Every structure is written in C-alpha cells, then in structure tokens.
Amino acid sequence: MKIPPFKEINPPKNGYWINPKTKETYGGQYISPLLIPNLQKVEKCFEKAIKDKKFMRELEEKLLTFIGVNTPLLRSKELEEIAGGQKKVGKIYLKRTDLHHDSSHKPVNSFSSCYMAKHIFKAKKIICETGASMHSRSVAAACAMLEMDCEVHIGAVDAEKVSLNKDISELYGAKIVVVHESTKSLLPAMASALRSWQSNPDAMYVVGSVAGPSPYPRMVRTWASVIGRIAKQQFKQITGKVPSTLFCVCGGGSNLMSMAYPLLKDKTEIFAVESAGEGIPTGRHGATILGGSKMGILLGFKSKVVMKSAQIAESLTEASGLDFAAVGPEVAYLHDIRRIKFRSTTDMEAKKTFLMCCEKLGIVPAIEACYVINAALKEIKKRKNPRENHLIHLCGSGESNVNRMIKFKRENE
Amino acid sequence: MKIPPFKEINPPKNGYWINPKTKETYGGQYISPLLIPNLQKVEKCFEKAIKDKKFMRELEEKLLTFIGVNTPLLRSKELEEIAGGQKKVGKIYLKRTDLHHDSSHKPVNSFSSCYMAKHIFKAKKIICETGASMHSRSVAAACAMLEMDCEVHIGAVDAEKVSLNKDISELYGAKIVVVHESTKSLLPAMASALRSWQSNPDAMYVVGSVAGPSPYPRMVRTWASVIGRIAKQQFKQITGKVPSTLFCVCGGGSNLMSMAYPLLKDKTEIFAVESAGEGIPTGRHGATILGGSKMGILLGFKSKVVMKSAQIAESLTEASGLDFAAVGPEVAYLHDIRRIKFRSTTDMEAKKTFLMCCEKLGIVPAIEACYVINAALKEIKKRKNPRENHLIHLCGSGESNVNRMIKFKRENE
Amino acid sequence: MNKNFQEMFAKAKQEKRGSLIGFATGMDPNYKTSKKILIEMSKHCGAVEVGIPFNTSTSDSSTIMDANMRAIKAGANTEKIFKLIKEVKSKIKNNVPFLIMTYMNPVYRYSIKKFAKKCKTSNVDGLIIVDSNNNSPEDKELSKELKKINVAYVKLVAPTNNEAFIKETLKKCSSWIYVVSYAGLTGSKQVNLGNVKKISKLIRKNSKIPIGVGFGIRTKSDVSKVIKIADATIVGSGIVDIVGKNAKNHNLTKKIGSYLKNLKKGLNK
Amino acid sequence: MNKNFQEMFAKAKQEKRGSLIGFATGMDPNYKTSKKILIEMSKHCGAVEVGIPFNTSTSDSSTIMDANMRAIKAGANTEKIFKLIKEVKSKIKNNVPFLIMTYMNPVYRYSIKKFAKKCKTSNVDGLIIVDSNNNSPEDKELSKELKKINVAYVKLVAPTNNEAFIKETLKKCSSWIYVVSYAGLTGSKQVNLGNVKKISKLIRKNSKIPIGVGFGIRTKSDVSKVIKIADATIVGSGIVDIVGKNAKNHNLTKKIGSYLKNLKKGLNK
Ligand SMILES: Cc1ncc(COP(=O)(O)O)c(C=O)c1O
Ligand SMILES: Cc1ncc(COP(=O)(O)O)c(C=O)c1O
C-alpha cells in the first residue's frame, strides 16, 4: 500500500488564512516572545521534514505498520436501514480510524509530530495536552517507541472521565500533570502545556488538534490528512466517485481536517458536527460555531471562540474530546467562506447513539464519534437522495467510555 | 486486497487426527447424544459455507471491512535490540491482530462462525463461553450486527479480571451468565455453555478456540487461518521468504493455529508458548503440554489435558485467555508428531514483558501476548542467527488488563 | 443381557408394574453416608445408579454438579466408587442391579479394559457413559469389553435423535436403553411425555429392549405418567436434592426412603 | 516616550538608583481591596502594573493564575479595571505611571482602537501584552494607536530571543523594554542573571531604551543584583502571594507596604 502524496491546497500566508471577502485573518502566533524561536524551529523542521524523502518514507512505513493507517471503509447497511433504507437515502460508509493503534484518528498526527521531533527537531522530550486522552495516549506511545520523555497535561475532570486512556498513557511512561484550573478540561490543559513549554524550550510541544500557534494548525492537518488521502482513494475505488457528503465531529477540528482536507477542492458537501451539550439554548454546550462564538485570540491563535465577555467560556459536554471552546483557525476560515457546514448533536442524543451503535452495529464508538453518527443520520434522512454515497468518520473506539456508558445503559433500561 | 484462498492441509478423518506412528487419535465428538444432531448440522453448514462462493465473498468482505483483518506486519527494531541486535539475531516482525475490531485475533473466527450461524445454520441465538472475554466480545459484536441473540458463559474469576471486555459484551447486548463452578474460569464456562446448548438445541454454539467436539476444532482453525494466510503473503512480500520461526501463545490454540496452519507444510519452525503460571514445578500453572498433560476426554473432545487423577486439573495463570487445562486436538497432534515445539513463560515474566512492551514499544499488548513475546525473545537470543526472520503473533490488545497492570506497575516502582 | 437386569424387568412384568431406578452420586456427601444412602436406595429401587463424579461434566444440572463437587471434595475417585459399590452390594440381600453413571474421561483414564474388568469384580451390573459417542474408538472398545463379561451397556437416546441414530445405538445397547425426556440437563425441566412417546415408538419399531426414561422425573405423578409408556424410570435430582439439603441430618436415609416409597406408588401399569 | 515614565527614569537616574515596578492583578481579591492595594503600591513603587485577568493565560504561574481566578470571580472585566485605575490615579498625589498587563484577547475583544483610547482617558501610561506577536495585524494596529496618544507600549524579550528579534521588538517598544529573566513562567524560578546580562548587552548594542527586568524577583537581594544591570525591576508574584494569603486580613496593605519598603533598599546602584 502506498499513501497518496500530500498536495497543499490551502496554504496559510505568514501563518494566517485570510477570508477574501471580509479580509478576516485566522491563525497567527499569539504567544510569549519566549516561544517564538521554538515555533520558528518547529516550522523549519516541518518544512524540512515534508521535503525529506527518506524521512517521509520511513514515517509512512511506521504509519502503515505501527499505527495501521490503512484502515477499512465499512459499508453500513445497518445505518442505511436506520436512515430509511439504501433505496431512499443512498449508501453509507464508515471510515474506521477506530481501528488504529490506540483507537482513534489522533495517532497519525501524534506519531508524525513526535517522529519529526525526534529525527529533525532533535527533542528529547515531548509536551502535550489532552482531552479524551486519545491524543496523550498516542503521543505517549510514540514517545515510548522513540525513546523520548513525555509530559501530558490533562484537566482533572477529564482525568476522571477517561481514566483508562490516562492509565494507558501512564503505562507508556508518560508523566501526567493533572490541571485543576478553570474548567479542569481540555482548554486549561492546553494552556498548562504551553506554559510548561515556556519552561522547557528544549522540548517539543505536540498539539492534539488543528489549533495552537502557527505552524501547528497547518502541520497537524498536513500530518493528519494521510487519513483522508487514503479514504478518498478507497472511496473512489469502491464507488467510482468522491463522497457526496462527508461527516466529521468537530472539537478542535483534527479529525474533520484529516478527512476534509483532501476533499476541499472536490464536490463533496462537508459537515462538521459539534456537541450541543444539554442543548445550545441552555448555554451548557460545546458548540463553538453554532453556539455563537466570536473571533477571539487564545492559546496562540486567532479563531472562533466561545466567550463570556473577554474570558473563554466554559464548554460543557459529555465528550472530553469535544470540550474545547474554540475551533482551529483553518476550520473557522472554512466555515466563514462557507466550504464547511455545521450541525450539532446533544449529549443525550450522543449517549443514545452510543448504545445504538453497540447494539445494532456491533461497534463501540468513542463517545465523540457518536455526535457525528447521530447528526449524519438526521441529515441523510432529510436529504432523501438514493444516488448519494455518504462518508462518516468513525474517529475512535470507546473503550475509555465504557465505564460511564454501561452505567447509563443500566440506568436507562 | 484479496484474502489468499484456503487449502486444507491437515484434514481430520471422521473428526480425528491420527498420529501415524502411535495411531493415537485426537479430536472426536464426546458429547451427550442430544447434541449429536446439532454437531452434524454444524458440520454440514460448514462444508456448505466454504463451498458457497457468494457466502465466502460476502464473509471476506466483512472480515476486511468490519473486523479489519488486513492488519500490518510491524518490523520491531526495538525487540531486535533487546534480543541482541539485528546483526546477531536477525529481524523480528509482529503480526498486529491487536489492531482488529475488538482488539484480538478472536473476531475472525467469532464473526465467521456467527455469519455462518445466521445465513446457513439459520440460528437466532448464539451460545458461547469466554475466558479473557475477547471471544465473547467479538461474538457479541457479530450478534449485534447480525441481529442475533447472544448468551455468554464466563467464569466468575474472569468476569472480575477482565471486566472491561465483559462490560463491552454487555453493551453489545449479550446476556452474561457468570459461572461459579469449579475453577470459575474458562473450563467450567465452556462446560456451562455446552450444557446450555443442550437446553437450546436451536441455538448455535460458537467456540472460542480450536477445541470442542468435532467439527469445531477444524472449523475454528479454518476460519481463523485467514489471519495466517494474509500474514504469510505479507511476510513473503516483505522478506521474500516464509518466516524462519513463528511464535504464538497457546491457550486452546486458536491464535496459534490461525498463524501456524498455513505454514505447516513450510520450513518455518513453529513455537507455541504456554503459561507457566507461578512456575511449572509449583503445579500452579496453565501449561498443558509442558505441564505433564495426558490424553484425556473433556468438553466433547480428546486431547492433551492436565488432570488430577480423572478430574480436570485447575489451570492457574494471570492470563484469563490461557486458563485452559487442555489444548485443541489438532495442536496436541501437531505436538506429538513434533511439528510444533513448546516453550513457556511465567506470570511474573509476562507481567514484566507487559510493562516492557508499553514502555519500549509503545504497545499495550493483551497479557496473553506477553507470554509469547517473552518466550520468543528468549529463544531468538539463544538461536543467535542473523539470517533468520522471526514472526511473533501479537494476538491482542490489553485495554482489559490495564486495571490490573497499572497496579502492578505502581507496586513495582 | 445382564442377569440381574433380566430378573428385574421380568419380575416387574409379572407384577404388572414398571421399575424405579434411583440415582445418586457416589461418595456424596462422603463415603460413609453414601454407603448408607445406596443401601437404603437398594431397598426401594429396582436398580441403583451410582455416579462417578466428573468436574467438567457437560450434561448435568447444577444440582448434580454440586453433588459432584461435594463428592470430589470428599475424595471421590474411580477406585473408591468401585470399592463403595462392591461393599454395598455385599451388604444387601437382594439382587438389585447396580449401574455406574459417568463420563468417558474417568473410564478412559482408568483404562477401558481395566474399567470393564473392575465392573465385573465389583459386582457392577451396568454402565452409562453420558458422553460416549457411538463412533468413537473408546465406545467400540468399551462395548466389546462389556459384552464379553455381561455387564449391561446402557446407552442414551434423546428427543433430538433420528431413527438412524437410534438404530445405531440399539446395536450397542444392552439390557435396556435410556431415553432422555427433553432437550436439556438432568433435573432442569419437566418431563416431556410427547418426546418420550415419540422416541419410544421409534425404539419399539426396531427393538424389544426395555426402555428407561430419565430427566425431569421427580414426583409420583411423573413416575405414573412415564410408566404408562416405558419399562423403567430414572430419578436422580430428586434424590440428590435431598442429599444436598440434608447432608448432615441423621434422618437423611429415612427421608430418601420415604421419598422413594412414595414414588413407587406410581409404578403400577 | 510617555511623560510619566520619562520622569520616573530621570528621577531614578538622578538619585543613582533603579526603579521598582510592582505588579498586582486588578480587582484581586475584589474591587475595594484592590484599590487600596494599588494606592499602597503607588506609594512605594516607581510604577504600578495592573493585570487585566485572562482565564486562559499561557504565561502565568499558578500564583498569578489563582489571582486571575479570584479577580474574575469578583467580577473583573476590562471596563472595571479601567475604572479602577482611573479612580486610583485620581486618588494618588504623585505621577507614578500605571501600566496595564494583559493578553491580546481582552484587548482584541474590547476593540483595539477603543482600548487605546480608553487607556488615555483612564490615565493609563503604558501597556504590556504578553502574547502579542510583533507580526500580527493586531500588534501593528495597537502600536500605531498607542504611539498616537503617547501611551507606552512595553514589549517583552526573553532569553531565547536572538538579536534580530530584539531589533524588531525595539522598533515597536516605547518608554522601556521588559526583559524576561529566564525561560519559564512568572515567579516560577529564580532570576537568571546570566540571561539578563546577555540580553541587556544585545539591547544596549541597539538602543538606549531603559530596561526593566522581571520574572523571579522576590527579595531585596534579587532586586539589588538586577539593578546593577537594569534600570528597573518588576516584582509580581511576591506581591500577589501576599494578596492571596491575606485577602481577608485588614493588615494586607500594610504587609504589602513593608514588603515593598524592604525591596526598595535594594534599588541603589
Ligand atoms: C475520538 C475523538 N474524536 C474527536 C476528537 C475531537 O477532536 P478534533 O475535533 O480535534 O478531532 C477527539 C479529541 O480528543 C477524540 O478523541
Ligand atoms: C488475546 C488472546 N490471546 C490468546 C488467547 C488464547 O487462546 P487461544 O490459544 O485459543 O488463541 C486468548 C483467549 O482468550 C486471547 O484473548
């Protein structure tokens, strides 16, 4: 298997994506001057890496054999049935990144970033933050294999929620820093990681989504796009066409960009799904775009952010991986130029979808993936177009959610 | 990807493998007459299934896209290093069935058996036993997708040990029967499943290893051999040759046969690794062949069994999946004709190997797989042959073992 | 045909009644009490079936499984059960035939030839192996050995078996044939008379061998219904239940005695 | 150059000493107490730095993060901090310059133009934005606006920055430049004099702008060492610590006063 090569479709200028109509800028590098040299070094290393054929060949070899990036597309007749039957709604395919090593889409970026950190940046230590601990788990795995130190920042609430993934990160040898500040979730964890980087400028910071100061959003989506490049090729092989629609959940946007990026210039209609928490009108949600975000500047980048006056607002959702009051800058840009549409799913809908997937598909999805499956079914039902081929990103496996979900099941039966 | 076709190498005669030298018979059908018609029906369905091209095409499609059977071979320079360096010991490859849906080699047989049960046997309900709950988890997943009822028998000790997998089986909709008899582990669970089948002859029983009354041992190894057929092809593509050695752990022998079967007529030296528990001399172990087993008859088949007078002896090991006082009949036969060699690993060695794999490989192996990795390293070190290419079956992922192992890590640091 | 069984069925026929066959696990709850239980049973039953416990049995309900575990804990093994039967038979005055009921593994491990011989020397009249397949080499050897020494080889047929299977089974079966009354475990359900009639008909069509019916027979009324169709009925869980609940009660044998006395009232044709 | 800062540095020079700049988060622990604290600080410090708290700060140690959270809990926002500074400045008699220290988001959300104007109308003398990148459009706009109205734009340089970066920074920097003494968070480590010397040299090579050194300065001896190299020193965590530990103590301002008085003893060149 050969991974289709990367083509830059949407390059930022000096770290910014620019809306041609409004001239709004997205991205940038808003960070203490202390870290500016580090960011410049990361950018240089990244440019060097993607041009280094030997490095890329070795990296892709590891992605194929260690991460197992050549995961299947599963035609789901069961979901078609639920949406009204293939004859009414077309075909539904699931991209199975739940089958990756460490059970989510995250390891493709995590491993690539760490591999670059080891061989080009020459770092001895990696610092990262994590929400659902999917990112930390895969960074820690990469660090174990690459003999690097690993420091993980996780919010105290998440450390409880996804303790399995956190424990696995620890088994891999990561040092876990539990963050008790502010919302005790992904956002303060990322702030904490960036703060730690300031104290350890020799380390490399590895972000878990298409967020953070430039060049991270671009770098992460470039690494992660391996997933979408393979998926696009597979989809064409199976159906002869690119997908009619693509559905991905959106926390920061890494799994979205991993799949959407190679399809940006295609006719595929792209949907990003946010967590509506207890319902967007309640204010208790994790929906950045649909929850009334404004442009803001945090954690090193400028993008859409949910705020309460100038403070970053709490994001509230069952899914630790979606508990992020912002989206990556390229995602905000793609929303604003209307290339990506947004939908949402409430926590309750997602939890029911979790049980449904277990009982009807024989798949334990990451709770994050349940938001997208639910929203995709709603949209596909509505479209009622039998000639369409739908693609849903099943971006993770839910072992870490079992504890909470089995309680939910027992309470609701 | 096309799965290389099955070729019967070692067909049993009337349900028995026969040692040409000693005339010893292995296998058979030792079961209440009540179940004889069911077994005949299973056998007929199996014969029909493997000849039914459409059925096989659809099954293989599902194995590829639902189970994700096309898992990679990972060259592990880290293990080579530990064994003394590639220049001294040759190359080491890991077959990554830990990346399967439901995280072990088991789903290939489980899904195939259930698929046959649904489409050819026309059963509405599946009965199975389980040790590490890897089998039950994958049977339950198949039943969910195929809309069948699922009844799982699990020993009370195992239900505690591997509660994550048990909970996942429950999320998939399985009815869990906890067995409190005798050793409260895999063996009484299997007896309990067979007893339940007697009460529900319309159901189909799906065994999780190459054990049970004929035709199960043959059927299971035939389904499971998809893994080895792909692995053999991959290995040849990468190295140009078949492996010099193959290492698999051996509880009942399903993961062993899944890999070994397509290599039986090749020059590959095949090693099966048993759990030596607290050490074979202590009598507290799970080693059937190396632990002084004799020919015995239980659970419907005749094979090597560890016994205390005529009673099946307790098997004692950290690994729920290896807690089985017998090996499948074809495995016993292959041992007796000296085609397969046996090695063992103690629980303590396996637990240390678990931590080593996490910390050095960035992989969380199923505890079962740690026995084989440890024994393989010992053997490879001893062979000191730089021209050899070694293949180790990494037959499962250890999410379910994390709870116990993180305690072990913390206690030992 | 084994002489004691021959006499048992002949006498019953004469008396226009069926025969009651009682089952208990050997050495449950221990050697001494088991001996008393078997002696008591021999007073009321046409024949006595003694189980050699097997810890990995595939056909027993939890009642019998528990009995197996009690007996194993009390040190039961094949040798001791033979000794137990031999002692019991030397103590009783009548010719009540004794059977061993077990699984193939204990027999196979003992050695089939030695096991058959030991039956003879221990005054065992018959053998039932729950999991013995007609086509296994062990079954062939065992039936040959038993035939030589006139120990009855009582085989099981079940409601799921077809006529071909029954015919094949009849070839090996001696003294009587054991009809399982439902698809399930010993003592786990109610006797299914429809099944019993259906199989009995198939047997009668092919043989004159006496028919014993087991699984799910617990009450006088069960016995009475079954005996309308069959020649004998086997009661197991009913007895083993009493043992389990009264293992330390000095009235245990009395209780079994009166339970059996009551069942016997259902034996009239 | 902002007039008040000009005076501050001139006076210090005259007196052959360095300047002490004190930092506290605005509205920590609440509006009223904060006002008292700032007034007290203005009595002892050459300049006062007031933090507009930001809950997602990327450069603050937990001491300052805690202060931020206390202030936010007390209702702090940009508007109120401006009001606070304006009130404090109207209460004090001297011309001690006041700076705002914050992150880009509060400024950006308030609107850069409005923020600059508000600085002027609130008598704010300078602004420090920790995460403002020289090349961002916001930084460009902000520095332009501040220049117009003579509010000092104090920029940070850190030990990891090279000469090119320092040169670029100097272009925008006005009144004085803030040297971060080590790679790390406010108040998390000890001041690193080697770093300070190295960067100061690079700055002096390119400019005559006064240098203030912050991060890790807590004691009289720290102050004394730093002042041998720099023109001013910023003390933050040391003060915020006292606020955090004595939020409800009526001696709070006194404690801060005597802490600062002691530090001042280290200011002599
Ligand atoms: C399985 C899974 N999906 C999705 C996400 C959301 O992140 P993103 O939108 O950056 O992909 C996460 C984050 O942890 C995750 O673990
Ligand atoms: C991961 C894993 N490996 C190995 C085994 C051992 O079984 P077998 O020898 O039949 O493959 C099990 C059984 O549950 C298992 O879960």
Side-chain angles (χ1 to χ4, degrees), chain A residues 1 61-62 64-78 93-94 96 98-103 107 111 114 137-138 140-147 163-165 167-168 170-173 238 354-355 357-364 397-400 402-403 405-406 409-410, chain B residues 1 61-62 64-78 93-94 96 98-103 107 111 114 137-138 140-147 163-165 167-168 170-173 238 354-355 357-364 397-400 402-403 405-406 409-410:
Chain A
M1 207 272 147
E61 172 69 24
K62 287 272 188 257
L64 286 165
T65 60
F66 179 57
I67 307 302
V69 80
N70 188 20
T71 59
L73 278 192
L74 171 67
R75 163 96 185 270
S76 178
K77 295 195 181 162
E78 297 77 24
Y93 294 86
L94 295 172
R96 300 290 307 276
D98 62 318
L99 296 181
H100 279 159
H101 186 77
D102 286 317
S103 308
F111 187 84
C114 292
R137 184 176 158 182
S138 53
C143 288
M145 177 190 249
L146 301 169
E147 295 185 276
S163 62
L164 175 65
N165 280 344
D167 287 349
I168 291 176
E170 192 178 328
L171 282 171
Y172 284 143
I238 295 171
F354 184 99
L355 297 186
C357 288
C358 292
E359 286 159 19
K360 304 277 181 207
L361 312 188
I363 290 174
V364 181
S397 176
E399 275 90 350
S400 214
V402 165
N403 257 341
M405 291 311 299
I406 196 125
K409 182 184 166 96
R410 286 172 188 158
Chain B
M1 207 268 152
E61 173 66 24
K62 286 272 188 255
L64 285 166
T65 61
F66 180 56
I67 306 302
V69 81
N70 188 19
T71 59
L73 278 191
L74 171 66
R75 163 98 185 268
S76 179
K77 293 195 181 161
E78 296 77 24
Y93 293 86
L94 295 171
R96 301 291 307 276
D98 62 319
L99 296 180
H100 278 159
H101 187 78
D102 287 315
S103 309
F111 187 84
C114 291
R137 185 177 157 178
S138 52
C143 287
M145 178 191 248
L146 300 169
E147 295 186 275
S163 62
L164 175 66
N165 281 344
D167 287 349
I168 291 176
E170 193 178 329
L171 282 171
Y172 284 143
I238 295 171
F354 184 99
L355 296 186
C357 288
C358 292
E359 287 159 18
K360 304 275 184 210
L361 311 189
I363 290 174
V364 181
S397 176
E399 274 91 351
S400 216
V402 164
N403 257 342
M405 292 312 299
I406 196 126
K409 182 185 167 96
R410 286 173 188 158

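Chain A is the first sequence line, chain B the second, and so forth, proteins listed ahead of strands; every chain is numbered from 1. The structure presented is a predicted model; accordingly, all values stated were derived computationally and were not measured.
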Would you say the side chain of [Y] lies within less than 4.5 Å of the side chain of [X], judging by non-hydrogen atoms?
X         : Y         : value
Thr65(A)  : Tyr93(B)  : no
Met1(A)   : Met1(B)   : no
Ser103(B) : Glu399(A) : yes

> What residue, out of Leu355(B), Ile168(B), Leu146(B), Asp102(B), has the most heavy-atom pairs lying under 4.5 Å from chain A?
Replying inline: Ile168(B)
>> Please identify, among Ser76(B), Cys357(B), Ser138(B), Ala141(B), the residue contributing the most non-hydrogen atom pairs under 4.5 Å to chain A.
In response: Ala141(B)
Report which part of [X] has an atom under 4.5 Å of a heavy atom belonging to chain A: side chain, backbone, both, or neither.
X         : value
Ile363(B) : both
Leu64(B)  : backbone
Ile238(B) : neither
Lys409(B) : side chain

>> Does Glu147(A) form a side chain to side chain contact (heavy atoms under 4.5 Å, CB included) with Glu78(B)? I'd like the steps, not just the answer.
In response: CA-CA 10 Å; Glu147(A) 295 185 276; Glu78(B) 296 77 24; over 6 Å; no
>> Salt bridge check, Glu170(B) against Arg410(A): does any charged N sit closer than 4.0 Å to a carboxylate O?
In response: yes
>> Evaluate His101(B) against Leu99(A) for side chain to side chain contact (heavy atoms under 4.5 Å, CB included), listing each step before the verdict.
In response: CA-CA 6 Å; His101(B) 187 78; Leu99(A) 296 181; 3.9 Å; yes
>> Show, in sequence, the C-alpha distance, side-chain angles and deciding distance for Phe66(A) and Leu361(B), and conclude whether the side chain to side chain contact (heavy atoms under 4.5 Å, CB included) test is met.
In response: CA-CA 10 Å; Phe66(A) 179 57; Leu361(B) 311 189; 5.8 Å; no
>> Just verifying a value: how many Å separate Leu171(B) CG and Glu359(A) CD, rounded to the nearest 0.5 Å?
In response: 8.0 Å
>> Could you report the tightest heavy-atom contact between Ala144(A) and Cys358(B), atom names first, then the distance?
In response: CB-O, 3.3 Å
> Donor-acceptor pair, Arg96(A) side chain versus Gly68(B) backbone, under 3.5 Å?
Replying inline: no
